[in-house]
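Chain letters run A, B, ... following the sequence lines, proteins first, then strands; residues in each count from 1.
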Protein chains: 2
Amino acid sequence: MQHFAYHSEENYLKTLYKLEDKKVKKVNNTALSKALELNPATVLEAVRKMSEKKLVTVLADKTIQLTDKGRKKALQIVRRHRLWEVFLVDKLNYKWDEVHHIAEQLEHIEADSLTERLEAFLGNPTVDPHGDPIPDESGKLKRIKTQPLSEAPWNKKLTIVALGNSSDEFLKYLNKIGLSIGATVEVAEVEDFDKSITILHKKSSITLSNEAANTLLVAL
Amino acid sequence: MQHFAYHSEENYLKTLYKLEDKKVKKVNNTALSKALELNPATVLEAVRKMSEKKLVTVLADKTIQLTDKGRKKALQIVRRHRLWEVFLVDKLNYKWDEVHHIAEQLEHIEADSLTERLEAFLGNPTVDPHGDPIPDESGKLKRIKTQPLSEAPWNKKLTIVALGNSSDEFLKYLNKIGLSIGATVEVAEVEDFDKSITILHKKSSITLSNEAANTLLVAL
DNA sequence: ACAATAAATTTGGTGAACCAAATAAAATTG
DNA sequence: CAATTTTATTTGGTTCACCAAATTTATTGT
Ligand SMILES: [Mn+2]
Ligand SMILES: [Mn+2]
Ligand SMILES: [Mn+2]
Ligand SMILES: [Mn+2]
């Protein structure tokens with residue numbers, strides 16, 4: 001009996017899913033290695049093993065794709081990750097930019113019943129603290145219809161419901177300027193020169209770069 | 001960066017602590033190997049490494065002892081284990097005989113703040129679902145004064161506050177006969193022949209072997 | 001087409017954590 | 001105390017997950 005837990009396969013699958021979700025067209029060994037920050041030789045070996053286990057398929061052009069079986073496993077991990085994030089924020093009062101690395105560990109806890117009980121305990125949340133949808137038990141997830149704030153109509157109440165990316169830096173930036181999931185904002189002005197926009201939020205106005213406005217997703 | 005987590009050292013320390021707590025006098029390599037269900041060669045190597053790190057001391061007679069540093073680490077794991085057990089039982093409605101193996105995994109999650117926040121969220125419990133005390137942040141634990149039910153006075157209301165051992169079999173047995181931590185019982189009769197005892201619990205009488213009565217600990 | 005570049009793959013290592021089997025040392029017992 | 005048994009230790013493996021440095025096999029730009 002080993003006293004350490006193998007998490008690597010789960011992380012490979014999760015990363016493949018993330019890339020697929022980001023609509024990266026051709027996920028080859030190089031792309032996957034970079035995403036995982038691992039040596040290509042390491043990843044190649046792992047992909048071979050997962051291929052043996054029918055978790056991924058390697059196409060003729062070397063593209064690595066999740067099989068249905070692999071995607072299901074990946075979504076299981078994503079589900080656990082997001083549910084734990086909800087737990088950490090809602091129950092333990094962590095801030096949304098503090099929970100990711102803890103959830104990275106918690107997502108690997110194996111116990112069939114745990115995820116389901118946790119979900120019920122949390123009141124069956126549908127999205128995590130970053131606005132990302134939580135897959136259901138079978139791995140299905142309902143994508144919320146969103147629109148980048150940069151493309152949203154002017155002078156109209158908008159609700160921030162998700163983020164194009166949940167990087168630490170971006171979360172910290174949002175914390176600083178006082179924006180979070182659920183915030184109501186209104187586009188006041190778009191600067192023609194650099195596409196930066198000025199929004200109204202709680203009676204104060206905030207100017208956002210086009211990049212930031214692109215990454216903030218509002219309900220559609 | 002490795003995608004798997006090393007838990008082995010924590011498990012060695014925890015097991016050493018458990019043996020120490022059970023007052024096993026001479027914990028040698030054989031004893032530790034048996035407790036961990038690992039090959040003696042494996043354990044010997046691990047003990048050497050922990051000795052290098054000043055977590056354990058190997059006495060002249062080959063007895064393996066925790067150093068203060070080692071015991072502190074061990075108690076940290078015990079603390080996490082017991083707090084997670086409380087979480088699983090109190091918040092996720094697990095039964096007390098279902099939580100151990102899940103807590104075995106959760107106890108290894110590393111995040112300074114997590115344990116403290118969890119403790120606060122649970123309302124600063126002092127004992128786990130099996131009546132075992134939860135060490136505080138610094139590793140101190142207040143032992144509850146207890147007495148085996150087999151030695152308790154007759155015809156007196158007694159409260160079961162802990163168990164001499166929390167093995168799966170014993171917990172399942174207690175579930176079956178309807179006893180748990182917090183139960184109020186009264187010794188009605190002790191059979192001279194085999195020291196089996198008959199107790200009253202919620203208006204029904206239960207007969208327990210001496211072994212069982214020895215393992216049930218009541219408040220003193 | 002062909003040289004330059006990039007991607008895939010192979011080869012040879014590493015460290016952590018485990019094991020079985022052999023040997024050495026210590027303790028026990030008749 | 002000598003024989004037996006137990007315990008400790010050594011030696012030689014294994015698997016997993018990783019890496020660096022070739023090498024081979026595309027791909028691409030001219
Ligand atoms: Mn996350
Ligand atoms: Mn998230
Ligand atoms: Mn336990
Ligand atoms: Mn316990």
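Along DNA chain D, the nucleotide nearest to B:Lys34 and the one nearest to A:Ala41 differ in position, and the one closer to the 5' end is contacted by B:Lys34. Sequence order on DNA chain D of the closest nucleotides to A:Pro40 and A:Phe4 puts A:Phe4 first from the 5' end.
Judged by the 6.0 Å and 45° rule, B:Arg117 forms a cation-pi pair with A:Tyr94. In this structure, B:Lys91 satisfies the cation-pi test against B:Phe121, with its NZ or CZ atom closer than 6.0 Å to the six-membered ring centre and inside 45 degrees of the ring normal.
When the side-chain nitrogen and oxygen atoms of A:Thr30 are compared with OP1 and OP2 of C:dA8, one or more of them lie within a distance under 4.0 Å. In this model, the phosphate group of C:dT9 is approached by a side-chain N or O of A:Lys62 to a distance below 4.0 Å at OP1 or OP2. Applying the 4.0 Å criterion to OP1 and OP2 of D:dC19, one finds that A:Thr42 has a side-chain N or O inside that range. Listed pair B:Asn29 / D:dT7 fails the phosphate criterion, with no side-chain N or O lying under 4.0 Å from OP1 or OP2. The side chain of B:Arg48 contributes an N or O atom lying less than 4.0 Å from OP1 or OP2 of D:dT10. For C:dC18, neither phosphate oxygen OP1 nor OP2 lies less than 4.0 angstrom from any side-chain nitrogen or oxygen of B:Tyr6.
Distance CD (B:Glu45) to P (C:dC18): 9 Å, rounded to an integer number of Å. The CG atom of B:Leu36 sits 9 Å away from the P atom of C:dC18 (whole-angstrom rounding). Look at NZ on B:Lys26: it is 15 Å from P on D:dT6, rounded to the nearest Å. Rounding to whole angstrom units, CG of residue A:Leu44 and C1' of D:dC19 are separated by 14 Å. Atoms CG (A:Leu32) and P (C:dA8) sit 10 Å apart, rounded to a whole Å. In this structure, CD of A:Glu9 is placed 8 Å from P of D:dA17, rounded to the nearest angstrom. For B:Glu37 and C:dC19, the CD to P distance is 10 Å, given to the nearest whole Å. Residue B:His3 contributes atom NE2, which lies 14 Å from atom C1' of D:dC16 at whole-angstrom precision.
Interface remark: the A:Asn39 side chain does form a donor-acceptor pair with the D:dA20 base, using a distance-only criterion of under 3.5 Å.
Ranking C:dC19, C:dA17, D:dA8 by closeness to the B:Asn28 side chain, first place goes to D:dA8. Closest approach to the A:Leu38 side chain among C:dT10, C:dA16, D:dC19 is made by D:dC19 (side chain taken as heavy atoms from C-beta onward).
Considering only heavy atoms from C-beta on, B:Glu20 comes within 4.5 Å of B:Leu66 through its side chain.
No salt bridge links A:Glu107 with A:Arg79; every basic N to acidic carboxylate O contact stays at or beyond 4.0 Å.
A donor-acceptor contact closer than 3.5 angstrom links the side chains of B:His81 and B:Glu85.
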